[in-house]
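Since the structure comes first, as structure tokens, the remarks are kept for the end.
These figures come from a predicted structure and were not determined experimentally.
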Amino acid sequence: MSQVVNAGFPILTATAAVPAIGAILTAAVPAARRTAAKWLALLVSLVTLALAAIVLVGFEPGGDRYQFVESHSWIKDFGVRYELGVDGIGVALIALTALLIPFVVLAGWHDADPLETKSSRWRPTQGFFALILAVEAMVILSFEATDVFLFYILFEAMLIPMYFLIGGFGDRAHAGSDENAAAQRSYAAVKFLLYNLVGGLIMLAAVIGLYVVAGNFSLTEIAEARASGQLEMATNTERLLFLGFFFAFAVKAPLWPLHTWLPNAMGEATAPVAVLITAVVDKVGTFAMLRFCLGLFPEASKWATPVIITLALISIVYGALLAVGQRDIKRLIAYASISHFGFIIMGIFAMTSQGQSGATLYMVNHGISTAALMLVAGFLISRRGSRLIADYGGVQKVAPVLAGTFLIGGLATLSLPGLAPFVSEFLVLVGTFARYPVAGVIATTGIVLAALYTLVLYQRTMTGPVKEEVRAMPDLRVRELAVVAPLIALLIFLGVFPKPLTDIVNPAVTHTMSDVQQKDPAPEVEAAK
């Protein structure tokens with residue numbers, strides 16, 4: 001677990017500082033220069049992507065566990081440090097975040113433009129893009145933080161810009177009056193904030209308890225002290241601290257029964273903000289389960305595994321069943337994401353290398369596939385002005401490119417072989433079956449249900465007679481193609497050649513397995529007769 005402080009250029013700080021500074025500059029653009037604010041936000045997101053690429057290329061999978069380490073005293077009296085470092089899992093998720101934000105910016109190019117109707121309030125374009133960049137900065141830094149207190153601050157702070165993105169910049173394709181739409185957005189934003197704040201407050205108590213027990217907040221120092229026997233936690237203490245951390249991460253993830261804020265938030269947010277929620281922000285919860293729950297509380301993690309596996313299975317089946325019955329396109333994708341997060345959490349707590357590798361790959365691949373599907377759905381909804389599945393029909397005859405990209409995004413969601421999520425889901429199921437065969441079998445029902453809700457969604461919206469309301473629907477424009485095409489290409493590339501990603505992730509998974517002192521179960525082979 002040892003780490004060497006990097007004396008060179010602070011690349012991790014720069015990767016988070018660029019979008020943070022960009023957010024301030026974007027917010028400061030004069031009100032009349034909306035287009036300039038958009039281009040500035042896009043430029044900042046591309047620079048951040050370049051820095052994340054440097055981190056990705058410079059990371060050595062066979063090197064130290066934590067690389068590009070930065071460590072500086074912050075609040076000396078309480079032992080709080082500004083301490084950063086990335087392992088293979090963190091690098092992969094930083095790359096995912098930096099990759100998706102330019103597409104989020106491009107997809108939301110007109111989402112915060114002022115509405116023309118007299119009854120509508122001014123929608124500050126600069127604020128919209130500044131908030132997106134602020135979320136990016138906090139998420140990236142949370143993937144880098146190896147000081148528990150620093151991570152907690154970021155974990156909570158990202159709720160503020162997300163609250164305003166959900167409540168202040170909601171979906172315009174809302175049935176009902178402007179007042180009803182505003183009320184629904186406000187409800188979704190407040191529910192999102194309250195759920196996550198409650199989780200954060202419980203985590204704060206656990207963070208304080210960890211400091212009382214360990215005397216510092218450094219993830220690496222605490223883990224080293226535990227491994228060497230210098231720090232011993234009483235069984236009940238470790239379990240209580242674990243539950244405090246896990247509860248907050250389960251809310252963020254979201255895990256059943258703490259998931260109910262997600263469909264409201266994704267349904268009322270714009271499509272790009274919905275992508276920001278489920279493809280970027282929610283990954284902090286599952287990432288933290290790997291880094292902090294398993295790293296700090298290995299025995300408690302094993303103690304809680306049967307219950308967590310059960311909750312994950314409920315999430316898989318429950319989320320998929322509710323997705324089947326949805327009438328709202330965006331809420332269907334939200335419930336599908338709940339099912340997918342169940343697979344991720346099940347893979348993490350299966351305590352096998354295949355399961356944890358698959359869970360990490362699933363975080364990345366789910367981010368890409370959900371972004372592709374949700375953004376195309378957003379383009380579709382913006383054309384028709386409705387989120388209801390029943391209001392569509394025959395779209396593939398008038399907008400074949402839109403329908404084709406929607407189909408590929410949907411097929412990725414159901415983990416079709418040849419597309420990136422298939423590799424992730426296969427590894428999770430194999431890893432789970434190796435230790436918990438019954439759970440592995442039950443989880444496969446999620447695959448069947450995913451095929452059902454995805455294909456029914458496509459059939460009801462894209463095929464059949466052309467409805468009069470969609471007859472004049474335009475196909476994808478150049479800007480929209482620039483958003484969708486790279487995501488589709490990446491889904492195909494990682495589906496047929498996942499090795500670049502697995503090479504980065506697997507060494508980090510090996511370290512995590514070592515933290516919890518687990519080895520893969522030996523295969524059972526019948527003796528030859």
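- Judged as a salt bridge (charged side-chain N to carboxylate O under 4.0 Å, His left out), the pairs with a partner in residues 283-307 (not counting sequence neighbours) are, in order, Asp87-Arg291, Glu299-Lys302.
- For the side chain to side chain donor-acceptor pair (under 3.5 Å) test, no residue two or more places apart in sequence or in another chain qualifies with Glu144.
- Residue pairs meeting the side chain to side chain donor-acceptor pair (under 3.5 Å) criterion with at least one partner in residues 305-321, sequence neighbours excluded, do not occur; the list is empty.
- Environment of OH in Tyr458: crowded, with over 12 heavy atoms of neighbouring residues, nucleotides or ligands closer than 6.0 Å.
- Annotation: side chain to side chain contact (heavy atoms under 4.5 Å, CB included) contacts of Ile348 (sequence neighbours excluded): Thr286, Met289, Leu290, Leu294, Ile344, Ala359, Met363.
- By the side chain to side chain contact (heavy atoms under 4.5 Å, CB included) test, Val190 is found to be paired with Tyr163, Ser186, Leu194, residues two or more places apart in sequence or in another chain being considered.
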Name every donor-acceptor pair, under 3.5 Å, that has one atom in a side chain of residues 239-250 and the other anywhere in the protein, sequence neighbours excluded.
none

Which side-chain N or O atoms in residues 195-215 pair as donor and acceptor under 3.5 Å with protein atoms at least two apart or in another chain?
residue : atom : partner : partner atom : Å
Tyr195  : OH   : Thr260  : OG1          : 2.6
Asn196  : ND2  : Phe192  : O            : 2.7

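- For the side chain to side chain donor-acceptor pair (under 3.5 Å) test, residues two or more places apart in sequence or in another chain that qualify with Ser337 are Thr278, His366.
- Within the structure, no pair that satisfies the side chain to side chain donor-acceptor pair (under 3.5 Å) test touches residues 244-259, not counting sequence neighbours.
- Partners of Tyr82 by side chain to side chain donor-acceptor pair (under 3.5 Å), not counting sequence neighbours, listed by chain and number: Thr13.
- A search for side chain to side chain donor-acceptor pair (under 3.5 Å) contacts involving Asn264 returns Lys191, not counting sequence neighbours.
- With sequence neighbours excluded, the residues that form a side chain to side chain contact (heavy atoms under 4.5 Å, CB included) with Asn506 are Ser357, Thr502.
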